[in-house]
Amino acid sequence: MDNYNTKQVEKKWQEHWDQNKVFTVSETTDKPKYYVLEMFPYPSGKIHMGHVRNYSIGDVIARYKKMKGYNVLHPMGWDAFGLPAENAAIKHGIHPDNWTTQNIKDMKEQLKLLGLSYDWDREIATCNKDYYKWTQWLFLQFYKNDLVYKKESRVNWCPSCETVLANEQVVSGSCERCDSAVGKRLLSQWYFRITDYADKLLKDLDALPGWPDKVKTMQGNWIGKSEGAEIEFKIDGLAKNIKVFTTRPDTIYGATYMVLAPEHALVTELVKNTNFEETVNEFINKLQHVSDIERTSADTEKEGVFTGRYCINPISNKKIPIYIANYVLADYGTGAIMAVPAHDQRDLDFARKYNIEVIPVISSSIDGETNIENEAYTQDGYMVNSEEFNNMTTKEAFPKICEKIESIDAGKVTTNYRLRDWLLSRQRYWGTPIPIIYCEKCGTVPVEEENLPVQLPIDVKFTGKGLSPLTTSETFMNAKCPKCGIMGKRETDTMDTFVDSSWYFLRYTDSQNDKLPFSKEKSKYWMGVDQYIGGVEHAILHLLYSRFFTKVFKDLDLLDIKEPFKNLLTQGMVLKDGAKMSKSKGNTVSPEEIIEKYGADTARLFVLFAAPPERDLEWSDQGVEGCYRFLNRVWRLVAESIEKDLFKRTKEDIDSQDKELRYKIHSTIKKVTEDLDTRFNFNTAISSIMELVNELYKYKEQSKILDGNLFKNGIETIVTLIAPFSPHIAEELWELIGNKTSISNLAWPEYERDALVKDEIEVVFQVNGKLKNKVNVSTNIDKEELEKLALQDEKVKLAIGEKNVIKVIVVPKKLVNIVIK
RNA sequence: GCCGUGGUGGCGGAACUGGCAGACGCAGCAGACUCAAAAUCUGCCGAUGGCAACAUCGUGGGGGUUCGAUUCCCUUCCACGGCACCA
């Protein structure tokens, strides 16, 4: 018999699903809802194996849940703004809009070839103006609520391309396009106040049991909460204070110097008109030529200069010198530290280099002994050299010192986060325009909501040089001030594409809405996303931003939930020859070619079978062949059975082979159901379906009289169970068997309990934990009898030999272990 | 340095709450069908010893708990991923 015609079968059912709107959903049903979402792709024009894996996983879940009786929302769209479109415009002279539209068209065709169960009626593209209108509208809500602001900031600037670069375009300090050294430029930039939500974003991670721990810790690290104190030091001879942040206020008696970041606001004032002004400025200038990566690397040697100034430790009243140094960061904490060389390695390295005093204030033992050479003591211990706090443990002293600081009004207990505000301005064309107008009279003025969207103009030049291409459009640049009506200038920056993708999952719930980004009712019905699936590479940014947006929307009463994604599955990469598939490495496998050769069902089956979803998957051409063989085996099993009219055979008495087959059918249903329900063990689900297929072949060949009903039940079970994985062949076989309804609308099978009851069970006999024999016993044999049986067993007797039986452990229905000596 | 994940046959991977290690698939070997090949079907397939029945070893290494450990505890090594001069 020939292999089945994949192309014909797949085309037929893809058209069937399309025409009958099988996967179109609405909110008007009694069924419980289930929202499955895969991270939407950037429309590069071609799908890759990572997409195939991602969307196959999502599709199995969507189809399974639908068969389980859920009202399943499974949408798809395009993360369509971004740099590649603009680069294409610069390079090939194609307008980003045309380039993107064509890519979406091409990629949609490829996705359709995979037979994914999307509700295409809800399709979105972030570059469509009826989408970005709402991105702008949301920006305005942020603006109204003081959650977005503008401030001066240093951006990456390529002097040769004469343009601003995104961080991703800076490859080890050089421009990705022309390779010249990237510098910094001061520009006014928009920021979201994500730091206001730092604590919520951190705390609510605990409310996400359905997220992998890996992702939660990554976000936790990124937010980087540390508790400590802010302490103010008076400057000697200047009516100003320097505020420091420390997590170790208990070490304050050991602070022997103060360090400011070179960018610290007070530096200029400290050295103005002093002998130190020149050396300090020289040092700062020198640092400006050092890249950020180099500057902030832990291996960079610590360097600094004395400012000539001193400040006063508020607790000990000791006078200590003020330095500036490269190892203190301007934008963390207060940009200044009290340096405690005895108990901080960085401070110690610096102190040794510049011969600054080291005072140990913590001892590892109660006797107060300390021994600091070139290694700082950073653990807990007992206080020394700390006046009234001496002999306390550091744990006791910590709150007491904080209390004292607060009582003398020299500072307070506080919390610091590593998380920074989110810089969203991009000096780019192909993004959502920021809806702001600058007016000479009124200043920064938001565009009125009814005048949205602020549309991207067409009359733009793409040279790759200068500021944003938007600055070249006269029609765009000049706009009336919404407040006073005189001519102003539009904001020419566009938004980071992460803004677009931070709320797309909400738009799907109500994608046609022209009054709001999404209605409260619809989002309430569909949200949160019951299962979100995507790569780990988005573990921090995309997922954190989406969580932030969701929390803001809740506070603005646009939404009712506090977390967008209830369950998260981070799928592993697709590797070939041990490395991630990539064009530059030349180790890619084209999904189109695989589909052409073996069909979508095989492609899907392979990526689901070859590895558990969260692990990396090693591509194997032979593995694909294996899956193709399997599907053909299923096809032949069904086709031959129909040809030979096997389903019509009848039989009077059930024998043990029938019983065993029935057991296998129902235990397979149970296994596959559990694998899909609890964890997503697609690989083991598929392997147990394979076992059932093997079993049915055996039954067909070996049973003396075949029970047609039972056999058909076995066949139909296989076809149903395989439907979420390889839907086209399942539909076709289902029809071939003579069923009229589409398998996509079929209910998932339930296993029958009584089929799983066995009269006989295999029990293992062990001697000293080592397997000696396996025997079949009746399921209702009692403990004593089983023990007797074991002791009488020939192989067991042989193993016992002359030794004494000390103990016998009987585990009913499992084993007997005889302990001998 | 800190945090996380993972180490099981030739390979991808199974083993649900501690109870038959290696399911299922790939590769390999042998056979059937065939003039032949492909396809398909059948059998074997962790290591060592043995003609064999069988015995011993075996889940990165070492130790522990237990009648019994891939699974639990301690320790150690290796690989991958994240963060990192964060005070």
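All values derive from a computational prediction rather than experimental measurement. So that the names make sense, note that chain A is the first sequence line, chain B the second, and so on, each numbered from 1.
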Classify F630(A) by what it touches in the nucleic acid, base, sugar-phosphate, or nothing, heavy-atom distance under 4.0 Å. nothing
Any side-chain heavy atom of Q345(A) sitting closer than 4.5 Å to one from T378(A)?
no
Check: residues 687-697 of chain A side-chain donor-acceptor pairs under 3.5 Å, at least two apart:
{"from": "S687(A)", "atom 1": "OG", "to": "T684(A)", "atom 2": "O", "distance (Å)": "3.0"}
{"from": "S688(A)", "atom 1": "OG", "to": "T684(A)", "atom 2": "O", "distance (Å)": "3.3"}
{"from": "S688(A)", "atom 1": "OG", "to": "A685(A)", "atom 2": "O", "distance (Å)": "2.9"}
{"from": "E691(A)", "atom 1": "OE1", "to": "K664(A)", "atom 2": "NZ", "distance (Å)": "3.0"}
{"from": "N694(A)", "atom 1": "OD1", "to": "R633(A)", "atom 2": "NH2", "distance (Å)": "2.6"}
{"from": "Y697(A)", "atom 1": "OH", "to": "R633(A)", "atom 2": "O", "distance (Å)": "2.7"}
{"from": "Y697(A)", "atom 1": "OH", "to": "L637(A)", "atom 2": "N", "distance (Å)": "3.4"}

Checking only heavy atoms, does the side chain of K807(A) share a donor-acceptor pair with the base of C67(B) at less than 3.5 Å? no
E625(A) CD to G12(B) P, in whole Å, measures 19 Å
With the side chain defined as heavy atoms from C-beta on, W222(A) is closest, among C83(B), C85(B), U40(B), to C83(B)
Heavy atoms, side chains only, cut-off 4.5 Å: are I722(A) and L631(A) in contact? yes
Please produce a list of atom pairs where a protein N or O lies less than 3.5 Å from an N or O of nucleotides 15-20 of chain B.
{"from": "G19(B)", "atom 1": "N2", "to": "Q766(A)", "atom 2": "OE1", "distance (Å)": "3.3"}
{"from": "C20(B)", "atom 1": "O2", "to": "K774(A)", "atom 2": "NZ", "distance (Å)": "2.6"}
{"from": "C20(B)", "atom 1": "N3", "to": "E762(A)", "atom 2": "OE1", "distance (Å)": "3.2"}
{"from": "C20(B)", "atom 1": "N4", "to": "E762(A)", "atom 2": "OE1", "distance (Å)": "3.2"}

* Is the distance between the ring centroids of Y628(A) and F606(A) less than 6.0 Å? -> no
Side-chain contact check for R418(A): nearest option of C83(B), C85(B), G12(B) is C83(B)
For U70(B), the nucleotide meeting Watson-Crick or G-U wobble distances (both under 3.5 Å) is none
Whole-Å distance, E537(A) CD to C83(B) P, equals 13 Å
Taken to the nearest whole Å, CD1/I540(A) to P/G4(B) is 15 Å
Separation of G68(B) atom P from I806(A) atom CD1, nearest Å, is 11 Å
Of the listed A84(B), G82(B), C67(B), the closest approach to the N221(A) side chain comes from G82(B)
* Asked: So, do M258(A) and I242(A) sit near enough that their side-chain heavy atoms are less than 4.5 Å apart?
  -> yes
Whole-Å distance, Y417(A) OH to A84(B) C1', equals 20 Å
Within residues 690-697 of chain A, the residues having a heavy atom closer than 4.0 Å to RNA chain B are M690(A), E691(A), N694(A)
Q.
Ring-plane angle category for F350(A) and Y323(A), please: parallel below 30°, perpendicular beyond 60°, tilted otherwise.
A. perpendicular
- [ ] Give a yes/no answer on whether the side chain of K770(A) brings an N or O atom under 4.0 Å of OP1 or OP2 in C57(B).
- [x] yes
In 5'-to-3' order, the base (B), backbone-only (S) or no-contact (-) status of each nucleotide in nucleotides 45-52 of chain B, using a 4.0 angstrom heavy-atom cut-off, is --------
_Please tell me if N683(A) has a side-chain N or O lying less than 4.0 Å from either OP1 or OP2 of G25(B)._
no
F682(A) CZ to G12(B) C1', in whole Å, measures 17 Å
Residues passing the side chain to side chain donor-acceptor pair (under 3.5 Å) test with K286(A), sequence neighbours excluded, are E303(A)
Of the candidates G12(B), C85(B), G4(B), the side chain of T217(A) sits closest to G4(B)
Sorted by chain and number, sequence neighbours left out, salt bridge (charged side-chain N to carboxylate O under 4.0 Å, His left out) with R53(A) holds for none
Under-4.0 Å salt bridge between K772(A) and D793(A): no
Paired to U65(B) by Watson-Crick or G-U wobble criteria (both distances under 3.5 Å) is none
What is the nucleic acid contact for V259(A), judged by heavy atoms within less than 4.0 Å: base, sugar-phosphate only, or nothing?
nothing
Residues passing the side chain to side chain contact (heavy atoms under 4.5 Å, CB included) test with E660(A), sequence neighbours excluded, are none
Testing A23(B), U40(B), A14(B) for proximity to the side chain of P612(A), the answer is A14(B)
For E787(A), the side chain to side chain donor-acceptor pair (under 3.5 Å) test, sequence neighbours excluded, returns none
* Asked: Using a cut-off of 4.0 Å on non-hydrogen atoms, how would the nucleic acid contact of S226(A) be classed: base, sugar-phosphate, or nothing?
  -> sugar-phosphate
Testing C83(B), U56(B), G12(B) for proximity to the side chain of K772(A), the answer is U56(B)
K797(A) NZ to C54(B) C1', in whole Å, measures 19 Å
In whole angstroms, the gap separating C1' of G4(B) from CD of Q219(A) amounts to 14 Å
Next on the checklist: For a quick check of understanding: with a heavy-atom distance under 4.0 Å over all strands, which category does D616(A) fall into, base, sugar-phosphate or nothing?
Outcome noted: sugar-phosphate
Contacts of K758(A) meeting side chain to side chain contact (heavy atoms under 4.5 Å, CB included) (sequence neighbours excluded), chain-then-number -> Y663(A)
| query | Is the shortest distance from a Lys or Arg side-chain nitrogen in R248(A) or D250(A) to a carboxylate oxygen in the other one below 4.0 Å? | reply | yes
### Message
For a quick check of understanding: with a heavy-atom distance under 4.0 Å over all strands, which category does G333(A) fall into, base, sugar-phosphate or nothing?
### Response
nothing
Salt bridge (charged side-chain N to carboxylate O under 4.0 Å, His left out) filter on D344(A), not counting sequence neighbours, yields R346(A)
Distance col, row D675(A):CG vs N681(A):CG, nearest 0.5 angstrom, shows 4.5 Å
Could you go over nucleotides 6-11 of chain B and give all protein N or O partners under 3.5 Å, atom names and distances?
none

Re G46(B): Watson-Crick or G-U wobble partner, both distances kept under 3.5 Å, found to be C57(B)
| message | Work out how far the C1' atom of C45(B) is from that of C26(B), and round it to whole angstrom. | response | 13 Å
**OP:** With heavy atoms under 4.0 Å as the rule, sort K795(A) into base, sugar-phosphate or nothing.
**Re:** sugar-phosphate
Partner of C24(B) under the Watson-Crick or G-U wobble criteria, both distances under 3.5 Å, comes out as G12(B)
Under 3.5 Å, sequence neighbours excluded: what are the donor-acceptor pairs made by side chains of residues 221-232 of chain A?
{"from": "K225(A)", "atom 1": "NZ", "to": "D199(A)", "atom 2": "OD1", "distance (Å)": "3.1"}
{"from": "S226(A)", "atom 1": "OG", "to": "Y332(A)", "atom 2": "OH", "distance (Å)": "2.9"}
{"from": "E232(A)", "atom 1": "OE1", "to": "N241(A)", "atom 2": "ND2", "distance (Å)": "3.0"}

